[in-house]
Every structure is written in structure tokens, then in C-alpha cells.
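These notes are about the structure you will find just below.
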There are 2 protein chains.
Amino acid sequence: MGLMASKDDLLPVLKRAGLRPTRQRLALAGWLFDGANKHVTAEELFVACGGDGALSLATVYNSLNKFTAAGLLHQVVVDGGRVYFDTNTGVHHHIFDETTGFLTDIPPMPVNFLGMSDLPAGTILTRVDVVLRVRAVK
Amino acid sequence: MGLMASKDDLLPVLKRAGLRPTRQRLALAGWLFDGANKHVTAEELFVACGGDGALSLATVYNSLNKFTAAGLLHQVVVDGGRVYFDTNTGVHHHIFDETTGFLTDIPPMPVNFLGMSDLPAGTILTRVDVVLRVRAVK
DNA sequence: GTGTTTGCAAAGTGTTTGCAATTTA
DNA sequence: TAAATTGCAAACACTTTGCAAACAC
């Protein structure tokens, strides 16, 4: 799946984020940042990186949160009860398949929303999320 | 808060939805469908309707799901780990304040997304969610 | 009466946390 | 060796479920 990022490519990524390159983080980052955009849940990433024995689920959660805080990942909330982590940190939107739980990126589209002046007083816009929800035709 | 719906107004609402008008459902519907649009979590609704003693939290969840299945409510997912229920079932979008957890309705805005032909094969569009995420200026 | 709904408590998910042992710098 | 990170297990928050008693039709 994709081009495996070498440890030499990963080290600067983690270093720049101020995160110590532990064996676990290198494994996670190596799988996540191979050049292709991905959407994963903690559980999926845990399994993809070897599951129990390779690392612990708590470390996956811990690392995902650290990566997110460092700006390496974005969270996507489309489904109550679980969080997706998106390796595409640029501006874009999503298609969410309610049947399969699968997420797809779509390019940012013009959203003609109200001006900043219409936001609640004392708040600033942090992000515009657009989700096209689809379902399998039955 | 708002004009309290009378039992006579509520009965047809529940009846039309195919739901038996129990004391608990009348209380919940009375609070929810008073004419003003609302966003509530199960917990908030539970408290608003009297909390323990008046009904059980399980019944609130149960009823919210029934109301939603009947089309009386919409679910809004903006925050991993809890679901908001929206009494506005028409087409509209939201502003979500990440600081306070407060949700606000905004009118539907033109979203120039790709045509149906670009949706994943075998799927149909069920909804377009647009969420403006805001944060308190610090 | 018959089928539905309630309430309780228990179970289920996904995620976070406390803390001792380990690892990185 | 000082500070950060791991792993485990326990704790959490939210939601669902099983089942007997209560209720609506």
C-alpha cells in the first residue's frame, strides 16, 4: 500500500512536531504518512500497525492525539461514537458512506456562507466542514 | 421558554408518528415541540423534563430514537462522543461553538458540490451537512 | 387480553487516565 | 539522570439492551 516512508523521512516529521521518535511512533507515522491520504480510526491503525504485541491501543490513542495537536492530522467527526483521523490536513471536504463507514476526500467547494460578522459574538471561525452523506442503494 | 404545546396538539403528532402517547413521551414531545427550534442532548432533555423521578434516562434515549426514526427529529453529529437532536427537520446548516458546545441553526446556503454522478457507485445522497466551527476568541 | 413501553441495572463502545517501568536525549 | 513515553488496567462518558412490571388500545 503506497510507498513506505523510510525512517529517514519520518524522523524530521516527528522532530519538527516536537515528538520523540519512539519505535511505536515511527511505526504509526510510517504507516500514516506514506504519501497517500488516509482516514483511519484508532482501532484500524492499531491493527494495521501490528496490533497487540507491536504496541498498545492506549499508545495509538495517545499518539493520534499528539499528532493531531502537532497539526500532522485532522479529526473528522461524522459518526457519533468514533473519530476518524485524516492525514490530509489541507482544506477539503468529505463524502461519508453511512452504510460502510467509508470516508472519501473531495476538493473544497465554494460555500457561500454568511460573513464573519454573522458569527456569534466573541467567536472566530476555525473550520468549515462539509459532509456529503450517502447510503447504499438498496 | 416558547409556547407550551397542549396535550391536544401533541396527541396528533405522536399518533401520526405511530407512537403511543405515554406520559413520558407527552412530556418529552411537549418540551421539544413547542414551536421553537432546539438542539438537545439526551442528558439535557432528561433534565429539562424533570430528571430522575419524572422518567428514566433510558426512556429518553429510547424516545429520541423513536422520534428520529419517525422523522420528528434529526441527529446532528459535530462532537465525537455525543449526539445532538435537532427539532428543525428542514434543510438547514449549523454553527458549532467548540468552546461551549452550543449549536445554532443557519439557513441553507448554496453548496456547489459535484453532481450525483460523482458519488461513489451504488450510493445515493441522503444529506449535505455543513458545519461552521467557531471558537471563543481568547 | 395482547402487544407496547417503561425502568432498572447490566453490558457495550470508544476513549482517557493513573502510575510504575522503560526509553530517549 | 531528567524528562518523556509506554503499557496495562481501571476509569469514563455516552448509549444500548434484557427482562419483568406497568400501560395503552
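Order of the sequence lines fixes the chain letters, A, B, ..., with proteins taken first and strands second; residue numbering starts at 1 for each chain.
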Hey, are the side chains of [X] and [Y] touching, using non-hydrogen atoms and a 4.5 Å cut-off?
X	Y	value
A:V40	A:F46	no
A:F67	A:L32	yes
A:N65	A:Q75	yes
B:V77	A:V77	yes
A:H74	A:N88	no
A:V60	A:C49	no

Handout entry: Partners meeting side chain to side chain donor-acceptor pair (under 3.5 Å) with B:T59 (sequence neighbours left out)
Key = B:S56
Problem - Residues that A:D79 engages under side chain to side chain donor-acceptor pair (under 3.5 Å), provided they are two or more places apart - result: A:R82
Completion exercise
Ordered by number, residues from residues 65-76 of chain A within less than 4.0 Å of DNA chain C (heavy atoms) are A:N65
Practice task
Please work out which residues in residues 41-57 of chain B have a non-hydrogen atom less than 4.0 Å from an atom of DNA chain C and list them by number.
Solution key: B:L55, B:S56
Exercise for the section: State whether A:Y61 places a side-chain N or O below 4.0 Å from either non-bridging phosphate oxygen (OP1 or OP2) of C:dT16. Expected result: no
To which residues is [X] joined in a hydrophobic cluster, defined by side-chain heavy-atom contacts under 4.5 Å among Ile, Leu, Val, Met, Phe, Trp and Tyr, whether direct or through other members?
X	value
B:F102	none
A:V91	none
A:L103	A:V76, A:V78, A:Y84, A:F96, A:V131

Set out, line by line, the N/O atom pairs under 3.5 Å between protein and nucleotides 20-25 of chain C.
residue, atom, partner, partner atom, Å
C:dT24, O2, A:R20, NH1, 2.9

Completion exercise
Scanning both residues in full, the closest heavy-atom pair of B:V83 with A:G80 reads CG2-CA, 4.5 Å
Handout entry: Residues within residues 79-87 of chain B bordering DNA chain D, heavy-atom distance below 4.0 Å
Key = B:G81, B:R82, B:V83
Handout entry: Opening and closing nucleotides of DNA chain D in contact with chain B, under 4.0 Å to non-hydrogen atoms
Key = D:dC14 to D:dC25
Problem - Rounded distance [0.5 Å steps], OG1 in A:T104 versus NE2 in A:H93 - result: 14.5 Å
Practice task
To the nearest 0.5 Å, tell me how far B:L73 CG sits from B:T89 OG1.
Solution key: 8.5 Å
Fill in the blank from the handout: The bend of the helix from C:dG1-D:dC25 to C:dA25-D:dT1, taken between the axes of its five terminal pairs at each end and rounded to 10°, is 30°
Exercise for the section: May I ask you to check whether over 12 heavy atoms, not counting those of B:R133, lie within 6.0 Å of atom CZ? Expected result: yes
Exercise for the section: Just say parallel, tilted or perpendicular for the rings of A:H39 and A:H94, cut-offs at 30° and 60°. Expected result: perpendicular
Below 3.5 Å, can you tabulate the donor-acceptor pairs from side chains in residues 13-29 of chain A to any protein atom, sequence neighbours excluded?
residue, atom, partner, partner atom, Å
A:T22, OG1, A:R25, N, 3.2
A:R23, NH1, A:A54, O, 2.9
A:R25, NH1, A:R20, O, 3.1

